[in-house]
Colleague: 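Let me begin by handing over the structure; questions about it come next.
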There are 2 protein chains.
Amino acid sequence: MKNANHDDLTLGLRLRTLRERAGLSQRALAKKSEVPNSTISLIESGKMNPSVGALRRILQGIPIGMSDFFSFEIETEQTVFYAAEELTEIGKGGLSLRQVGSNLHGRAMMILQETYDLGADTGRVMYGHEAEEGGIVISGRVEVTVGEQRKVLGPGDAYYFDSRTPHRFRQMGPEKCRIVSACTPPTF
Amino acid sequence: MKNANHDDLTLGLRLRTLRERAGLSQRALAKKSEVPNSTISLIESGKMNPSVGALRRILQGIPIGMSDFFSFEIETEQTVFYAAEELTEIGKGGLSLRQVGSNLHGRAMMILQETYDLGADTGRVMYGHEAEEGGIVISGRVEVTVGEQRKVLGPGDAYYFDSRTPHRFRQMGPEKCRIVSACTPPTF
DNA sequence: GAAAAGTGTTGCGGATATTGAACATGAAAA
DNA sequence: TTTTCATGTTCAATATCCGCAACACTTTTC
């Protein structure tokens, strides 16, 4: 029987905490995750160093994402500067989001540089929880709809609203649209 | 030789991207991380599913945290907004602040478009109460000092810090500097 | 040109993760 | 009590990772 390593033990305790918080037994989680219960037991007791794939499958049963799972490993010194290339890029369709700070844990707000390609459209969006968001158009044009109000914004124009109001962004005109936005608290 | 699995391939490409962004060869990273270069090669080409421990050691050489590494797996729902129009202008010296929303009452955050004229300098600033602020440079260059850390930022670069840390902004180079920033809660 | 140093990619053997089944314990039901 | 079901742990066999070394290739140096 293998001895418990420190890192493995920490990881195991993290998993156990999350599993119990979800109200699942080792076997229940094992069934949902399609992983043998023995694997979960060994990981939780720090007796093995799971592969990324195995851990990912297990976490899907909780469910929780890999990034959130490892968020407990946060570094102590505050990261202040982010080079343009290292902004975390989140692409989805014709919309590119460059996020300041790849991990949002413990932060009060999220700042994004958004680029809408020609024809990009977010569709209708509404958040169920309380949040506020706003931004300034840097270049290009975008049609913004919030509740019953609708307006086309150009460079220098701005917006600010409650995230719970249904809202939608649609790129307009012949060039891509760039926006810098912020929201609090951080949400997607 | 093992075939490439889809998840492993995605993970490998993510590692390759980060490694190249850091300007490291497989061998250079291998040496820093104290891991054989072959392991890095196999992971990047999606031919193996590394253990958590192995991946963690490798990431330490870049360096990047586990949570940040997996942040690309965050499924993006939607991020959207609404239009306001006139930005309240607040001039002070060589610094012009255009504030989104003339009235801050009841708002969770403040968004500003800042323009630093040639030679503009905020001097040393520190807020006594808890707040966070961040921003993205749109054009020009600015030297940002936060606590003991100092860096010159250009277009696309970003920053984020706790407002209680003493900080200072100083315009650099031959052109005005424009920044879009946000802070929460709203403060001056 | 040849040599040297760089790059990423295999091959192989030992170490280890992973699996299904057996085990131990405790709580609830008959 | 005895049975039944649930919990988490451990075992032995197999699949896989991991580490060293060698390989093929490109770029730089002499």
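Below, chains carry the letters A, B, ... as their sequence lines are ordered, and counting in each starts from 1. The basis for the numbers below is simple: all heavy atoms, side chains too, and nothing from hydrogens, waters or symmetry mates.
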Colleague: If you define the side chain from C-beta out and look only at heavy atoms, does anything of Q171(A) sit under 4.5 Å from L118(A)?
Modeller: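 Touching, per the 4.5 Å side-chain cut-off.
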Colleague: Would you mind reading off the distance between L15(B) atom CG and dG8(C) atom P, rounded to a whole angstrom?
Modeller: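 Whole-Å distance recorded here is 11 Å.
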Colleague: Between F169(B) and Y159(B), how do the two ring planes meet: parallel, tilted or perpendicular, split at 30° and 60°?
Modeller: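 The arrangement is perpendicular - the two ring planes meet at more than 60°.
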Colleague: Output the rounded distance in Å from CG (L11(A)) to P (dA17(C)).
Modeller: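 One finds 12 Å between P of dA17(C) and CG of L11(A), rounded.
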Colleague: Determine whether a donor-acceptor pair (one donor, one acceptor, N or O, separation below 3.5 Å) exists between the side chain of S38(B) and the base of dC18(D).
Modeller: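 Check fails, no donor-acceptor contact within cut-off.
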Colleague: Grab the CD1-P distance between I43(B) and dT16(D) for me, whole Å please.
Modeller: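 Atom-to-atom, I43(B) to dT16(D), this comes out as 16 Å.
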Colleague: Round to the nearest Å and state the distance from M48(B) atom CE to dA15(C) atom C1'.
Modeller: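 Checked: the CE to C1' distance equals 13 Å.
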Colleague: Tell me whether the OP1 or OP2 atom of dT9(D) has a side-chain N or O from K47(A) closer than 4.0 Å.
Modeller: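 False: K47(A) side-chain N/O out of range (4.0 Å or more) of dT9(D) OP1/OP2.
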Colleague: Going by salt bridge (charged side-chain N to carboxylate O under 4.0 Å, His left out), name the residues that satisfy it together with R170(B), two or more places apart in sequence or in a different chain.
Modeller: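 Once residues adjacent in sequence are excluded, the partners of R170(B) under the salt bridge (charged side-chain N to carboxylate O under 4.0 Å, His left out) criterion are E143(B).
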Colleague: Side-chain donor-acceptor contacts of residues 27-41 of chain A below 3.5 Å, not counting sequence neighbours, with atom names and distances?
Modeller:
residue: K32(A); atom: NZ; partner: G61(A); partner atom: O; Å: 3.0
residue: S33(A); atom: OG; partner: L29(A); partner atom: O; Å: 2.9
residue: S33(A); atom: OG; partner: I58(A); partner atom: O; Å: 3.2

Colleague: If you only use heavy atoms from C-beta on, which nucleotide in dC17(D), dC20(D), dT19(C) is closest to the side chain of N49(B)?
Modeller: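 Of the options given, the side chain of N49(B) lies nearest dC17(D).
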Colleague: For L153(B), run the side chain to side chain contact (heavy atoms under 4.5 Å, CB included) check against I136(B), V144(B), I179(B) and tell me which one passes.
Modeller: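 Looking at I136(B), V144(B), I179(B), the match for L153(B) under the side chain to side chain contact (heavy atoms under 4.5 Å, CB included) is V144(B).
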Colleague: Rounded to whole angstrom units, what separation is found between the CD1 atom of I40(B) and the P atom of dG19(D)?
Modeller: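 It is 11 Å, rounded to the nearest whole Å.
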Colleague: To the nearest angstrom, how far is L29(B) atom CG from dT9(C) atom P?
Modeller: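 Answer to the nearest Å: 14 Å.
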Colleague: Send over the distance from I58(A) CD1 to dA17(C) P, rounded to a whole Å.
Modeller: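 Rounding to the nearest Å, CD1 of I58(A) and P of dA17(C) are 13 Å apart.
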Colleague: Report all interatomic pairs (protein N or O, nucleotide N or O of nucleotides 6-8 of chain D) with separations under 3.5 Å.
Modeller:
residue: dT7(D); atom: OP1; partner: S25(A); partner atom: OG; Å: 2.8
residue: dG8(D); atom: OP1; partner: R19(A); partner atom: NH1; Å: 3.2
residue: dG8(D); atom: OP2; partner: Q26(A); partner atom: N; Å: 2.9
residue: dG8(D); atom: N7; partner: R27(A); partner atom: NH1; Å: 2.6
residue: dG8(D); atom: O6; partner: R27(A); partner atom: NH1; Å: 3.2
residue: dG8(D); atom: O6; partner: R27(A); partner atom: NH2; Å: 3.1

Colleague: Can you find a heavy atom in the side chain of D8(A) that is under 4.5 Å from one in the side chain of K47(A)?
Modeller: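 SC-SC contact between D8(A) and K47(A) ruled out.
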Colleague: Expressed in angstrom and rounded to an integer, what is the separation of L42(A) atom CG from dC11(D) atom C1'?
Modeller: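 Spelled out: CG on L42(A) to C1' on dC11(D) is 10 Å.
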Colleague: When you measure from the side chain of R178(B) to the backbone of S139(B), do you find a donor-acceptor pair of N or O atoms at a distance under 3.5 Å?
Modeller: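 No: the side chain of R178(B) does not pair with the backbone of S139(B).
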